[in-house]
Number of protein chains: 2
Amino acid sequence: MLQPFVRALIAAELPVLARHGISMWGYVVLNALDGGPARTQAALAQTIGADKTRIIATLDELQQAGLITREPDPADRRARLLSITQAGQQTRLAAQAEIQANENRILARLPAGDRQAFLRAAQTLSALPLDEI
Amino acid sequence: MLQPFVRALIAAELPVLARHGISMWGYVVLNALDGGPARTQAALAQTIGADKTRIIATLDELQQAGLITREPDPADRRARLLSITQAGQQTRLAAQAEIQANENRILARLPAGDRQAFLRAAQTLSALPLDEI
DNA sequence: TATTGTTATACTCTATAACTATA
DNA sequence: TATAGTTATAGAGTATAACAATA
C-alpha cells in the first residue's frame with residue numbers, strides 16, 4: 001500500500017539531490033556514515049538494506065566527489081574503511097534541510113501526534129534486519 | 001529510508017499471495033475494487049498509484065481466474081466497467097487475513113499508540129494524489 | 001578454503017510511444 | 001480530434017554468478 005507513496009516521494013527528492021550532486025543511494029550512504037565509519041562495504045550495504053554490489057558505483061561517485069574516504073584496512077587489506085568527510089557532512093546537511101522541508105509539507109496533512117508517531121515508527125521499522133520481515 | 005523496508009515486506013508477502021493464486025498488483029486491485037466498482041481502467045490505475053499500462057496483465061489474470069468482472073460500458077463502449085466478484089472477495093479476505101497476521105507480528109515491535117498512528121498515517125499518505133508529492 | 005570487493009550478465013519492473021476502437 | 005484500452009519496446013533498477021585479491 002505504501003509502495004506508490006514511497007516511490008513518488010523518492011521521485012520528488014531526486015531533483016533536490018541532483019542539485020547537490022548526489023544520487024538517492026549516495027544520500028542514504030552519507031546518512032549511514034554520519035552515524036559512524038563502516039568497517040567493510042558489505043556491512044554498510046547491510047545497514048542500509050542494499051545489496052553489496054549495488055553500492056559500489058555509489059561509493060565510486062562519493063569518493064571521487066570527495067564526500068567520503070575509502071581506504072584499505074591496514075589490518076585486513078581486503079576490506080575498505082569508509083568514512084564521511086567534512087565536505088560530505090556539509091552536502092548531507094544541505095540536502096537534508098531541503099528534503100525534510102518537503103517531507104514536512106506532506107506530513108502537515110497528518111495530525112501532530114500521528115506525524116511524530118509515524119516518524120518514530122518509520123525509523124524503527126527501517127532499522128529492522130530485513131530477514132526478520 | 002522506508003524503501004528497503006517496504007521492499008522486504010512485499011517480498012515476504014509474495015509467497016502468501018502466490019498460495020492464493022494472485023500477484024501483488026492483483027491483491028491491490030482487489031482491495032481497490034472492494035471499495036466499489038471502477039468506471040474505467042485508467043481511473044482504477046490512478047487510485048492505486050499505478051500506470052494504466054501496468055495493470056492490464058493483472059486484470060487479464062484476475063478476470064480469467066473469475067475474481068473480477070470486466071465488461072464494456074454500454075454507455076461508452078471504449079470503457080470497461082470493473083467489479084470484484086464474490087470469489088474475488090473471498091480470495092481477498094483470505095489473503096488479507098494472512099498478510100495482516102504477518103504485519104501485526106512486525107508492528108508488534110512498536111508501542112501500541114505508535115502502531116495505530118502509523119497505520120492511520122500510512123493509509124492517509126498512500127491515499128494522496130501522487131502529483132501532490 | 002573462506003571472505004572482500006569487483007565485474008559481467010540476466011532478470012524484473014516500469015515508463016514511453018505507437019496502434020486500434022470508439023466517441 | 002480526443003479518449004480508453006492495448007501492445008511493443010526501451011530503460012532503469014536489481015539480483016545472481018563468476019572472478020581477482022587477500023586472509
Side-chain angles (χ1 to χ4, degrees), chain A residues 2-15 17-18 22-29 37-64 68-83 130-131, chain B residues 2-15 17-18 22-29 37-64 68-83 130-131:
Chain A
L2 277 172
Q3 196 190 27
F5 171 70
V6 171
R7 286 181 60 82
L9 204 57
I10 290 173
E13 288 171 359
L14 283 182
L17 294 171
I22 56 178
S23 66
M24 182 198 68
W25 283 109
Y27 180 65
V28 174
V29 166
R39 221 168 31 75
T40 68
Q41 295 183 183
L44 172 65
Q46 192 180 2
T47 57
I48 64 177
D51 195 274
K52 67 173 182 175
T53 65
R54 212 160 61 190
I55 64 172
I56 291 178
T58 302
L59 296 177
D60 290 344
E61 293 164 9
L62 292 174
Q63 184 182 20
Q64 194 173 357
I68 65 169
T69 61
R70 189 196 203 180
E71 301 166 0
D73 183 347
D76 181 348
R77 303 214 347 250
R78 293 174 302 183
R80 318 276 167 182
L81 299 172
L82 304 169
S83 300
L130 296 187
D131 53 7
Chain B
L2 277 172
Q3 195 191 29
F5 171 70
V6 171
R7 285 181 60 81
L9 204 58
I10 291 173
E13 288 171 359
L14 283 182
L17 294 172
I22 56 178
S23 66
M24 182 198 68
W25 284 110
Y27 179 65
V28 174
V29 166
R39 219 168 33 73
T40 68
Q41 294 183 184
L44 172 64
Q46 192 179 3
T47 57
I48 64 177
D51 195 273
K52 67 172 182 176
T53 65
R54 212 161 61 192
I55 65 171
I56 291 178
T58 302
L59 296 177
D60 290 345
E61 293 162 10
L62 292 175
Q63 184 183 19
Q64 194 172 358
I68 65 169
T69 61
R70 189 195 203 181
E71 302 167 1
D73 183 348
D76 182 346
R77 303 217 343 254
R78 294 174 302 182
R80 320 276 162 169
L81 299 173
L82 303 170
S83 300
L130 297 187
D131 53 7

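None of these values were measured; they are calculated from a predicted model.
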Quick one: pull up CG in B/Leu81 and CD1 in B/Ile68 and give me the separation to the nearest 0.5 Å.
11.5 Å

For B/Arg78, all residues meeting salt bridge (Lys or Arg N to Asp or Glu O under 4.0 Å), sequence neighbours excluded
B/Asp76

Distance in angstrom units between B/Leu81 CG and D/dA4 C1', rounded:
12 Å

Atom pairs, protein N/O to nucleotides 21-23 of chain C N/O, distance under 3.5 Å:
from	atom 1	to	atom 2	distance (Å)
C/dA23	OP1	B/Arg77	N	3.1

May I have the distance from A/Ile55 (atom CD1) to C/dT4 (atom P), rounded to whole angstrom?
13 Å

Taking it one step at a time, do B/Ile55 and B/Ile48 satisfy side chain to side chain contact (heavy atoms under 4.5 Å, CB included)?
CA-CA 10 Å; B/Ile55 65 171; B/Ile48 64 177; 4.0 Å; yes

Considering only side-chain heavy atoms of A/Trp25, which listed nucleotide, D/dT14, D/dA4, C/dT4, is closest?
D/dT14

Taking all atoms of both residues into account, what is the closest heavy-atom pair of B/Gln41 and B/Leu59, and its distance?
CD-CD1, 3.6 Å

Please report, rounded to the nearest Å, how far the C1' atom of D/dG13 is from the CZ atom of B/Arg54.
14 Å

Are more than 12 heavy atoms from other residues, nucleotides or ligands located less than 6.0 Å from atom CD of B/Gln46?
no

Only counting residues at least two apart or in another chain, list the ones meeting side-chain hydrogen bond (donor to acceptor under 3.5 Å, both in side chains) with B/Ser23.
none

Of all heavy-atom pairs linking A/Leu44 and A/Ala38, the shortest is CB-CB, 4.0 Å

Whole angstrom is fine here: how far is it from CD in B/Glu61 over to P in D/dT6?
13 Å

Figure out the CG/P separation between B/Leu14 and C/dT12, and round it to whole Å.
13 Å

Pairs under 3.5 Å (N/O, protein and nucleotides 7-9 of chain D):
none

Can you measure from CZ (A/Arg80) to CG (A/Asp73) and round to the nearest 0.5 angstrom?
10.0 Å

Which atoms form the tightest heavy-atom contact between B/Ser83 and B/Pro37, and what is the distance?
OG-CB, 3.4 Å

From CG of A/Asp51 across to P of C/dC11 the rounded distance in Å is 17 Å

Atom-pair distance (CD1 on A/Ile10; C1' on D/dA12), nearest Å
13 Å

Interatomic distance, B/Glu71 atom CD to B/Leu82 atom CG [nearest 0.5 angstrom]:
9.5 Å

Listed once per pair and sorted, the salt bridge (charged side-chain N to carboxylate O under 4.0 Å, His left out) pairs that draw on residues 55-64 of chain B, sequence neighbours left out
B/Asp60-B/Arg70

To the nearest angstrom, the NZ-C1' distance between A/Lys52 and D/dA17 comes to 11 Å

Using the C1' atoms of the five pairs at each end, what is the angle between the end axes of the helix from C/dT1-D/dA23 to C/dA23-D/dT1, to 10°?
10°

Residue B/Gln41, side-chain atoms from C-beta onward, closest of D/dG5, C/dT4, C/dT14:
D/dG5

Report yes if at least one side-chain N or O of B/Arg39 is closer than 4.0 Å to OP1 or OP2 of D/dG5; otherwise report no.
no

